[in-house]
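Quick note: residue numbers are just sequence positions, from 1.
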Amino acid sequence: MCWAMPLAPDFVTLVSEPRPDYTLIDSGNGRKLESYGNRRFIRPEPQAMWEPATADWQADGEFVPGSDEDGGGRWYYDKPVPQDGWPLKWNDEVSFTASCTPFRHLGFFPDMDPVWRWMRGQISATPEPNCMNLFGYTGVGTLALSSAGAQMVHVDASKKSVAQARENAALSGMSDRPIRWIVDDAAKFVAREVRRDRRYDGILLDPPKYGRGPDGEVWRLEEDLPGLIANCRQLLDTNSRFLFLTVYAVRMSAIALGNLLQAHFADLPGKVEFGELAVREQARGLLLPTAIFARWSQQD
C-alpha cells in the first residue's frame, strides 16, 4: 500500500515563550538581552535589525564577536559568573548546567522549548517509545523525551558534550533511565543502525553547518544531510511518530528542508511541515527568528 502526502508541506512557526529558565528580555541594533535563570547576558544577533525597547541594558556579561563572519570572539563580564556554570531547570523536570561557552551560546538552545514539547506530545500515546537524538549536545532534548517515558539513544561526536549530558542526567535524577550515551559520528552510527535493521519511534537531529567526528570524519551540511535523512527514513516505519530536523546559521531556506523530507517520506502516512523557530521578546512581543526546521509526523 502507498500513501500520498500533500503536494506541498505546510509552513509553521514554533515560538519559544518567556519562562523561568530563559527569557528574551529585549533585542535590537544587532544584539539581544537574555536571562538564563537569574543571570543576564548580551549576545550578538544580526537579525535584530530594529531599535531596542530600552537603551540601558544591565547584564552579567556580553559576548563580543570577532571581526570575521566565521566566528570567534570572547566574553566580557561585568559581574562574577561561575566558570563551571550554574543550575537551571526546564519544565520542572529536567535539571542542567548553563555556562558561557567559547561559541557564544550557554550550553543549551532555549529556542528548542516548543520542539521538545511537540515531540513529547507525539509520543504520548506510544508505550515505551524508542527515540534517538543525533548531534545531541548536552542532552536537554534527550532528557525532555526521557522524562516523558522514551527509551533514548543519544549520539554526539564530542566526548565533552556527552559527558556533560550524563552529568545533566544525574542532576535530573535520571541516571537510571534507559538512555544509551554514544560518542560517535552521527552519520556513521545511523548507517550502522540501518544495517542492523533497527527501528525508532522518533528521531531528533540538529546537525551543524560543519563538524568533525571523533575519528576526524568531516561533516558538511549541504553535502551530507541528504544521505543522513535517507538513512534516518530507513529507521522509521508506518508506526513511527516523528522526525524533527533543525538547522542553524546557514544560508538555506526552510522550503529546501521541507522538500528534502517530502522526497524521502512521501511513501509514509502523515505530513511534512517546515518553518522557523522563533523566540518571543518580553519587552514588546516581537518574534526573533533563530533557526529553520522541517518535520514529519503521524499526527497533529
Side-chain angles (χ1 to χ4, degrees), residues 11-63 75 77-79 81-82 85-101 103-122 124 137-145 147-148 168 171-172 204 206 244 246-249 254 273 275-293 295:
F11 185 90
V12 177
T13 302
L14 296 179
V15 180
S16 177
E17 303 288 352
R19 58 188 193 274
D21 64 292
Y22 174 79
T23 296
L24 174 62
I25 301 169
D26 195 3
S27 61
N29 291 340
R31 301 189 302 164
K32 55 187 175 182
L33 174 64
E34 308 161 294
S35 67
Y36 291 79
N38 61 0
R39 300 184 184 279
R40 293 186 172 196
F41 297 95
I42 299 169
R43 295 194 294 159
E45 181 47 72
Q47 298 200 81
M49 296 179 286
W50 43 85
E51 293 291 324
T54 60
D56 185 21
W57 287 2
Q58 300 295 319
D60 295 60
E62 178 175 2
F63 187 90
W75 288 96
Y77 299 104
D78 291 324
K79 298 178 182 179
V81 175
W86 62 96
L88 291 179
K89 180 169 286 191
W90 177 82
N91 202 42
D92 294 326
E93 297 173 69
V94 177
S95 297
F96 60 98
T97 298
S99 61
C100 297
T101 75
F103 310 104
R104 82 177 60 191
H105 52 75
L106 285 96
F108 76 112
F109 296 102
D111 58 333
M112 290 289 289
D113 170 78
V115 178
W116 300 330
R117 297 181 188 279
W118 178 85
M119 292 189 300
R120 285 159 59 104
Q122 296 299 307
S124 61
Y137 193 40
T138 57
V140 181
T142 296
L143 299 176
L145 285 168
S147 65
N168 287 337
L171 285 174
S172 302
L204 167 65
D206 180 25
F244 203 107
T246 57
V247 173
Y248 288 80
E273 300 168 298
E276 293 190 355
L277 303 184
V279 178
R280 190 180 307 279
E281 182 200 271
Q282 185 181 57
R284 293 161 292 186
L286 299 177
L287 294 184
L288 179 65
T290 60
I292 59 175
F293 75 87
R295 66 186 182 189

Spatial distance of atom [atom1] ([X]) from atom [atom2] ([Y]) [nearest 0.5 Å]:
| X | Y | atom1 | atom2 | result |
| --- | --- | --- | --- | --- |
| Phe244 | Gln122 | CZ | CD | 10.0 Å |
| Met119 | Arg295 | CE | CZ | 11.0 Å |
| Glu273 | Trp118 | CD | CH2 | 7.0 Å |
| Phe293 | Thr246 | CZ | OG1 | 10.0 Å |
| Trp116 | Asn91 | CH2 | CG | 10.0 Å |

Do you know the tightest heavy-atom contact between [X] and [Y]?
| X | Y | result |
| --- | --- | --- |
| Ser27 | Arg284 | O-NH2, 2.9 Å |
| Pro44 | Lys32 | O-CE, 4.1 Å |
| Ala278 | Thr290 | N-OG1, 4.1 Å |
| Gln47 | Pro289 | NE2-O, 3.3 Å |
| Cys100 | Leu106 | SG-CD2, 4.0 Å |
| Glu93 | Ser147 | OE1-OG, 3.3 Å |

Are the charged groups of Arg117 and Glu17 less than 4.0 angstrom apart, N to O?
->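 No, this pair does not count.
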Sequence-distant partners of Phe109, ring pair (Phe, Tyr, Trp, His ring centres under 6.0 Å), two or more places apart =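 With neighbours one apart ignored, the set is His105, Tyr137, Tyr248.
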Quick one: list whatever passes ring pair (Phe, Tyr, Trp, His ring centres under 6.0 Å) with Phe63, sequence neighbours left out.
->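 Listed in chain order: Trp75.
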Would you mind telling me which of [options] makes a side-chain contact (heavy atoms from CB on, under 4.5 Å) with [X]?
| X | options | result |
| --- | --- | --- |
| Val140 | Leu143, Thr138, Thr142 | Thr138 |
| Tyr36 | Leu88, Asp21, Asp60 | Leu88 |
| Val279 | Leu287, Leu286, Val15, Leu24 | Leu24 |

For Trp57 and Glu62, run side chain to side chain contact (heavy atoms under 4.5 Å, CB included): C-alpha distance rounded to whole Å, both residues' side-chain angles, the deciding distance at 0.1 Å, then the answer.
-> CA-CA 10 Å; Trp57 287 2; Glu62 178 175 2; over 6 Å; no
Could you tell me whether the side chain of Asp26 and the main chain of Ala53 form a donor-acceptor pair under 3.5 Å?
->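 At least one qualifying donor-acceptor pair exists.
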Asn29 side chain to Ala48 main-chain N or O, any donor-acceptor pair under 3.5 Å?
->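 No; judged by distance alone, with no hydrogens or angles, the pair does not exist.
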Heavy-atom neighbours of Phe11 CZ exceed 12 at 6.0 Å =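 Enclosed.
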Among Arg19, Arg39, Arg43, Arg40, which residue meets the salt bridge (Lys or Arg N to Asp or Glu O under 4.0 Å) test with Glu34?
->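 Between Glu34 and the candidates, salt bridge (Lys or Arg N to Asp or Glu O under 4.0 Å) is satisfied uniquely by Arg43.
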Name the orientation class of the two ring planes belonging to Phe41 and Trp86 (parallel below 30°, tilted from 30 to 60°, perpendicular beyond 60°).
->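 Ring orientation, 0 to 90° scale: parallel.
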So, Gln282 and Thr23: side-chain donor and acceptor under 3.5 Å apart, yes or no?
->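 Per modelled atom types, Gln282 and Thr23 side chains form no pair under 3.5 Å.
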Donor-acceptor side-chain pairing of Asp111 and Ser16 below 3.5 angstrom =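 There is no such pair between these side chains.
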Side chain to side chain contact (heavy atoms under 4.5 Å, CB included) evaluation trace for Ile25 with Glu281 = CA-CA 6 Å; Ile25 301 169; Glu281 182 200 271; over 6 Å; no
